[in-house]
Amino acid sequence: MDALARLPPLRETISAHGLDARKQLGQHFLLDLNLTRRIARSAAPLADGTTIEIGPGPGGLTRALLMEGAGHVVAIEVDRRAITALAELQQAAGGRLDVIEADALAIDVATLGPPPRRIVANLPYNVSTPLLLHWLRGADAITDMVLMFQKEVVDRLVARPRSKAYGRLSVIAQHVCTVRPLFDIAPSAFVPPPKVTSSVVRLTPLPADRRLADLAPLERVTAAAFGQRRKMLRGSLASLFDDPVAVLQGLGLSPTARAEELGIDDFVRLARA
């Protein structure tokens, strides 16, 4: 802890390594240690297993995770400049931090360390939804996720049927996980400030026997239904079923309903069909 406390301020690290946030990488750095430690505490307990961070940048959240007692942190970073900047933090961590230069979308988290595995991250805006879907498909390997998204994404994650925000992401996330929004963070807390408010959310995978072993059918059904959400289901699902009316009626669903009217269990039954 003493070595971590002696590290230079994050702004000095950014300046020393030319680590200006890059729009094409979706980077917005959170430098307030009070906020990063709040995120880290939201992911507790951290002492056992593996804590996985995506896009650590200059290491603000990484420092917080280590200060809050994470036993083993694996940080995945695609930006070569950040890899260099994290070297000093890695040395101060005393063997508790591994830094991997890689694209997180290409990594199976089950290979990153022993369970329980937790993913804690201020996600790059441009890949946040693909990353979440990637992890939901591999939820068996994950104990918990505490993630920061744009607030509109969290609104979609927790949305209920018949609401404007309810869609494909709502159905898949809520089928796989218990989803609990935690707190919002204002744009002014970031460097550079994004144009939108951010939100932190906790997603805890449900037991394996309460979710589909293969999410592909659910992804196909929700993509078809919400891809044409103004259409009745008998039309939007025509590409998936030879006789969508018969399938819907057989499941007790109205062929003239629209996607936003169906509950999560209804979509799961369609996926099984």
Side-chain angles (χ1 to χ4, degrees), residues 1-5 7 30 33 35-57 59-78 82-83 86-87 89-124 127-128 130-149 157 172-183 200-211 213 215:
M1 291 294 288
D2 288 343
L4 292 170
L7 288 168
L30 185 60
L33 190 56
L35 286 172
T36 55
R37 292 190 77 162
R38 185 181 180 187
I39 296 169
R41 287 193 296 272
S42 298
L46 299 170
D48 297 328
T50 308
T51 301
I52 300 160
E53 184 190 2
I54 308 302
L61 180 56
T62 322
R63 292 188 191 191
L65 291 167
L66 293 165
M67 288 177 173
E68 292 297 331
H72 179 214
V73 177
V74 178
I76 311 298
E77 179 58 73
V78 73
I83 300 292
L86 290 167
L89 175 54
Q90 193 170 11
Q91 185 175 1
R96 291 190 292 143
L97 172 62
D98 292 328
V99 179
I100 298 174
E101 183 179 358
D103 179 353
L105 280 168
I107 288 183
D108 177 1
V109 297
T111 67
L112 294 179
R117 299 182 194 90
R118 300 171 190 83
I119 302 175
V120 187
N122 168 18
L123 293 174
V127 292
S128 61
L131 277 171
L132 177 59
L133 290 170
H134 176 58
W135 295 328
L136 293 175
R137 295 178 193 118
D140 287 346
I142 300 167
T143 297
D144 220 359
M145 294 180 276
V146 172
L147 307 172
M148 190 193 308
F149 297 94
L157 289 173
I172 297 171
Q174 292 177 44
H175 169 65
V176 177
C177 297
T178 298
V179 185
R180 184 163 66 93
L182 300 179
F183 53 90
V200 179
V201 63
R202 186 166 189 158
L203 300 102
T204 305
L206 295 164
D209 61 359
R210 292 178 57 187
R211 47 188 168 83
L215 286 183

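Residue numbers run from 1 in the order of the sequence given. Side-chain atoms are counted along with the backbone in the values below, which use heavy atoms only and exclude waters and symmetry mates.
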Counterpart residues, side chain to side chain donor-acceptor pair (under 3.5 Å), relative to [X] (two or more places apart):
{"X": "Q174", "result": "R160"}
{"X": "R117", "result": "none"}
{"X": "D48", "result": "none"}
{"X": "R41", "result": "E68"}

Problem set entry | Residues forming a side-chain contact (heavy atoms from CB on, under 4.5 Å) with Q91, sequence neighbours excluded |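 Counting only residues at least two positions away or on another chain, Q91 forms no side-chain contact (heavy atoms from CB on, under 4.5 Å).
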
For this session: Could you tell me which residues satisfy side-chain contact (heavy atoms from CB on, under 4.5 Å) with A43, sequence neighbours excluded, listed by chain and number?
Result: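 Counting only residues at least two positions away or on another chain, A43 forms a side-chain contact (heavy atoms from CB on, under 4.5 Å) with L46, V120, V146.
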
Exercise. Can you name the residues that form a salt bridge (Lys or Arg N to Asp or Glu O under 4.0 Å) with D140, not counting sequence neighbours?
Worked result: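 For D140, the residues satisfying salt bridge (Lys or Arg N to Asp or Glu O under 4.0 Å) (neighbours in sequence not counted) are R211.
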
For this session: List in chain and number order the residues that pass salt bridge (Lys or Arg N to Asp or Glu O under 4.0 Å) with R137, two or more places apart in sequence or in another chain; answer none if no residue qualifies.
Result: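 Partners of R137 under the salt bridge (Lys or Arg N to Asp or Glu O under 4.0 Å) test: E219.
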
Report the distance from atom [atom1] of [X] to atom [atom2] of [Y], rounding to the nearest 0.5 Å.
{"X": "S128", "Y": "N122", "atom1": "OG", "atom2": "CG", "result": "10.0 Å"}
{"X": "I119", "Y": "T51", "atom1": "CD1", "atom2": "OG1", "result": "10.5 Å"}
{"X": "L136", "Y": "I142", "atom1": "CG", "atom2": "CD1", "result": "7.5 Å"}
{"X": "L65", "Y": "R37", "atom1": "CG", "atom2": "CZ", "result": "10.5 Å"}
{"X": "L123", "Y": "E53", "atom1": "CG", "atom2": "CD", "result": "9.5 Å"}
{"X": "L86", "Y": "D98", "atom1": "CG", "atom2": "CG", "result": "12.0 Å"}

Do [X] and [Y] come close enough that some side-chain heavy atom pair is under 4.5 Å?
{"X": "W135", "Y": "I52", "value": "no"}
{"X": "L89", "Y": "L66", "value": "yes"}
{"X": "L30", "Y": "M148", "value": "yes"}
{"X": "M67", "Y": "L33", "value": "yes"}
{"X": "D144", "Y": "P116", "value": "no"}

Closest non-hydrogen atom pair between [X] and [Y], with its separation:
{"X": "V78", "Y": "E101", "result": "O-OE2, 4.4 Å"}
{"X": "P56", "Y": "T62", "result": "CB-OG1, 3.3 Å"}
{"X": "L157", "Y": "A173", "result": "CD2-CB, 3.6 Å"}
{"X": "C177", "Y": "M145", "result": "SG-CE, 4.2 Å"}
{"X": "L61", "Y": "A40", "result": "CD1-N, 4.4 Å"}

Problem set entry | Identified side-chain contact (heavy atoms from CB on, under 4.5 Å) counterpart of V176 within the set L206, L215, L132, L203 |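 Among L206, L215, L132, L203, the one that satisfies the side-chain contact (heavy atoms from CB on, under 4.5 Å) with V176 is L215.
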
Please tabulate, for the side chains in residues 104-115, all donor-acceptor contacts under 3.5 angstrom to protein atoms that are two or more places apart in sequence or on a different chain.
unit_1: D108; atom_1: OD1; unit_2: A110; atom_2: N; d: 3.0
unit_1: T111; atom_1: OG1; unit_2: D108; atom_2: O; d: 2.7

For this session: May I ask you to decide if P45's main-chain N or O and R118's side chain share a donor-acceptor pair within less than 3.5 Å?
Result: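 Yes, because the side chain of R118 sits within donor-acceptor range (under 3.5 Å) of the backbone of P45.
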
